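One structure is given below, encoded as structure tokens.
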Amino acid sequence: MNKGVITITDAEFETEVLKAEQPVLVYFWASWCGPCQLMSPVINAAATTYSDRLKIVKMETDANPLTVKQYQVEGLPALRLVRGEQLLESIEGVIGKDKLLSFLEDHLNNN
């Protein structure tokens, strides 16, 4: 299992997220977004911690407008937890490692 964060595009979203066998955390970011730089280490830590139960992908918002619009991303950084075609949870803005891991634990243990 890939223990890292996978970078995807609009064209890969269906295959990598909607058809994934496990829940997927989609991390929306932009290169010009300062707060996104703060989230990257947190996202990487989550990818390592939950690699057996969760897939984590990241999408640059400027280059992928279709998915950004579909998932109503209005602020960055943004997280969307998806299982199949179901949106389980949305978070926008910077959150700390403890809050992210707690959020993921809640969802992964309830499914």
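Worth knowing before you read on, the calculation uses all heavy atoms, side chains too, and leaves out hydrogens, waters and symmetry mates. Because the structure is a prediction, the values reported are computed rather than measured.
- Distance CD1/Ile43 to CG/Leu79: 4.5 Å, rounded to 0.5 Å.
- Side chains of Ser102 and Glu105: a donor-acceptor N/O pair is absent below 3.5 angstrom, by distance only.
- No side-chain donor-acceptor contact under 3.5 Å links Gln37 to the backbone of Gly34.
- The two residues Pro23 and Leu54 have their closest heavy-atom pair at O-CD1, 3.3 Å.
- Rounded to the nearest 0.5 angstrom, Ser90 OG and Phe28 CZ are separated by 9.0 Å.
- At most 12 non-hydrogen atoms from other residues, nucleotides or ligands lie less than 6.0 angstrom from CD of Gln72.
- The CZ atom of Phe103 sits 7.0 Å away from the CD1 atom of Ile95 when rounded to the nearest 0.5 Å.
- Between Val57 and Phe13, the closest side-chain pair of non-hydrogen atoms is not below 4.5 Å.
- The two residues Leu88 and Arg83 make their nearest non-hydrogen contact at CD1-CB, 3.9 Å.
- Atom-to-atom distance recorded for Leu76:CG and Tyr27:OH is 8.5 Å, nearest 0.5 angstrom.
- Within the model, atoms CG of Leu18 and CD of Glu85 stand 5.0 Å from one another, a figure rounded to the nearest 0.5 Å.
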**Request:** Verify side-chain contact (heavy atoms from CB on, under 4.5 Å) between Val24 and Glu16, making sure each step is shown before the conclusion.
**Result:** CA-CA 9 Å; Val24 181; Glu16 294 291 337; over 6 Å; no

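- Between Met39 and Val94 the shortest heavy-atom distance is SD-CA, 3.9 Å.
- For the pair Gly75 and Ala78, the tightest heavy-atom approach, listed with the atom from each and the gap, is O-CB, 3.4 Å.
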Contacts table for residues 63-70: side-chain donor-acceptor under 3.5 angstrom, sequence neighbours left out:
unit_1	atom_1	unit_2	atom_2	d
Asn64	OD1	Asp10	N	2.7
Asn64	ND2	Glu60	O	2.8
Thr67	OG1	Asp10	OD1	2.6

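- Every salt bridge (charged side-chain N to carboxylate O under 4.0 Å, His left out) that Glu14 has, sequence neighbours left out, goes to Lys19.
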**Item:** Intermediate values then yes/no, side-chain hydrogen bond (donor to acceptor under 3.5 Å, both in side chains), Glu12 and Thr9
**Value:** CA-CA 5 Å; Glu12 299 163 311; Thr9 64; 3.2 Å; yes

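- Taking the salt bridge (charged side-chain N to carboxylate O under 4.0 Å, His left out) definition, one finds that Lys58 meets it with nothing, sequence neighbours left out.
- Taken to the nearest 0.5 Å, the CG atom of Leu25 stands 12.5 Å off from the NZ atom of Lys55.
- A pairwise comparison of heavy atoms in Gln22 and Arg53 identifies NE2-C, 3.2 Å as the closest pair.
- Heavy atoms only, all atoms of each residue included: Pro35 and Pro77 are closest at CB-CD, 3.8 Å.
- Between Leu108 and Tyr50, some side-chain heavy-atom pair lies under the 4.5 Å cut-off.
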